[in-house]
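Down below is the structure, laid out as structure tokens.
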Amino acid sequence: IMTDITAKTETRIPMSRIQKLIGQRMLESKQTKPCYYMGIDADTTELMDSRHELKKQLGVKITSNAFYIKALGLAVKEFPLMVGLWQGDSIKIADSVNVGFAVNAPHGLVVPVIKEAEKKSLAQIAALEKELTDKARSNKLALDEISGETIGLSNLGVYDIDSFIGIVPPPATTILSVGNTLRTAVPKDGQITIRKITDLTIAVDSRVVPDPYAAKFLAFIGELLQSPKKLIS
């Protein structure tokens, strides 16, 4: 009996040096960090509606990421353990809030870092975020611009992903994952109103941060995002 076997051509896609490095770091994180996860729905109606006016007021386009980075900077000042670094027999609190934010570049996922977010104004963060994003997509980031991360941010809401859980980047302890912003019917003052609701989820290394502490941190971020005036400084 003759069997007709059609030869298949194997397809291989080469990985860039950055893709290999990110893969190794994410595998290390999943193997070594016993994380827990929690999420909330944040009312971002005023925040999203204020972006056009803020652009005129501050002279720079304010993306949703700029708000989240600013909120992380302020929240960590109140809850510094969220940038605690596990060191075996001790926990070292990072000197500054260095937010690494994921950028989808043509050559793979890249994570530029905004240093000392707790000391920067919203306008400064927005301008720096744009600069680093442009550099990431043109493969022009310097080593210093992708190192020193103490807390992570990943925003897939722009891709219509409702909710997801990011992987905590080593050596950080926490990552904030931002999902889609949906127009949602919400009861308020005895009536049903349409509000813009954003899904926020954090992954946290349980060795460093007790879950009640992280819950207060996440709730505080939600409060900041519901009152954008608190972020304009």
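Both backbone and side-chain heavy atoms feed into the values below; hydrogens, waters and symmetry mates do not. For clarity, every value in this text was computed on a predicted model and none was experimentally measured.
Around CD of Gln87, the count of heavy atoms belonging to other residues, nucleotides or ligands within 6.0 Å exceeds 12.
Here the closest heavy-atom approach between residue Ile91 and residue Gly84 is recorded as CG2-CA, 3.9 Å. In this structure, Pro169 and Gly152 approach most closely via the heavy-atom pair CG-CA, 4.3 Å. Minimum heavy-atom separation, Gly166 to Ala203: O-CB, 3.6 Å.
For the pair Thr201 (side chain) and Ile165 (backbone), a donor-acceptor distance under 3.5 Å is absent. Between the side chain of Asn180 and the backbone N or O of Leu182 there is no donor-acceptor pair closer than 3.5 Å. A side-chain donor-acceptor contact under 3.5 Å links Glu118 to the backbone of Val97.
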Side chains of residues 208-228: which donor-acceptor partners sit under 3.5 Å, not counting sequence neighbours?
residue: Tyr213; atom: OH; partner: Leu81; partner atom: N; Å: 3.1
residue: Gln226; atom: NE2; partner: Gly222; partner atom: O; Å: 3.4

Pairs of donor and acceptor atoms involving the side chains of residues 139-146, under 3.5 Å and at least two apart or interchain, shall be tabulated with distances.
residue: Asn139; atom: OD1; partner: His107; partner atom: NE2; Å: 3.4
residue: Asp144; atom: OD1; partner: Lys115; partner atom: NZ; Å: 3.3
residue: Glu145; atom: OE1; partner: Ala142; partner atom: N; Å: 2.8
residue: Glu145; atom: OE2; partner: Lys135; partner atom: NZ; Å: 2.8

Candidate pair Ser64 and Asn155, rule side chain to side chain contact (heavy atoms under 4.5 Å, CB included), full reasoning: CA-CA 9 Å; Ser64 57; Asn155 183 357; 3.4 Å; yes

Residue pair Leu74, Glu78: steps toward the side chain to side chain contact (heavy atoms under 4.5 Å, CB included) verdict: CA-CA 7 Å; Leu74 293 175; Glu78 298 294 324; over 6 Å; no

Test log, rule side chain to side chain contact (heavy atoms under 4.5 Å, CB included), inputs Lys130 and Val60: CA-CA 10 Å; Lys130 182 182 186 307; Val60 61; over 6 Å; no

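A heavy-atom distance below 4.5 Å is found between the side chains of Pro34 and Asp205. In this structure, the side chains of Ser206 and Lys33 stay at 4.5 Å or more apart for every pair of heavy atoms. Within the 4.5 Å cutoff, side-chain heavy atoms of Thr173 are placed close to those of Val204.
Residues Thr63 and Asn65 bring no donor and acceptor atom of their side chains to less than 3.5 Å of each other.
Summarising the hydrophobic clusters (Ile, Leu, Val, Met, Phe, Trp, Tyr; side-chain heavy atoms under 4.5 Å, direct or chained), the residues clustered with Ile161 are Leu156, Val158, Tyr159, Phe164. Val168 belongs to a hydrophobic cluster whose remaining members, ordered by chain and number, are Ile175; membership requires side-chain heavy atoms of ILVMFWY residues under 4.5 Å apart, directly or through intermediates. The other members of the hydrophobic cluster of Val186, by chain and number, are Ile197 (side-chain heavy atoms under 4.5 Å, ILVMFWY only).
Under the 4.5 Å side-chain heavy-atom criterion for Ile, Leu, Val, Met, Phe, Trp and Tyr, Leu122 and Leu132 are members of the same hydrophobic cluster. Val99 and Leu128 fall within the same hydrophobic cluster, where Ile, Leu, Val, Met, Phe, Trp and Tyr residues are linked whenever their side-chain heavy atoms come under 4.5 Å apart, directly or through other members. With hydrophobic clusters built from ILVMFWY side chains whose heavy atoms lie under 4.5 angstrom apart, Leu153 shares a cluster with Leu47.
Partner Glu46 forms a salt bridge (charged side-chain N to carboxylate O under 4.0 Å, His left out) with one of Lys196, Lys229, Arg195 and no other, that one being Arg195. For the side chain to side chain donor-acceptor pair (under 3.5 Å) criterion with Thr198, the lone passing option out of Asp43, Asp41, Thr44, Asp162 is Thr44.
In summary, Arg25 and Glu28 do not engage in a salt bridge, as defined by a charged side-chain N under 4.0 Å from a carboxylate O.
Among pairs with a residue in residues 165-193, none fulfils salt bridge (Lys or Arg N to Asp or Glu O under 4.0 Å), at least two apart in sequence or across chains.
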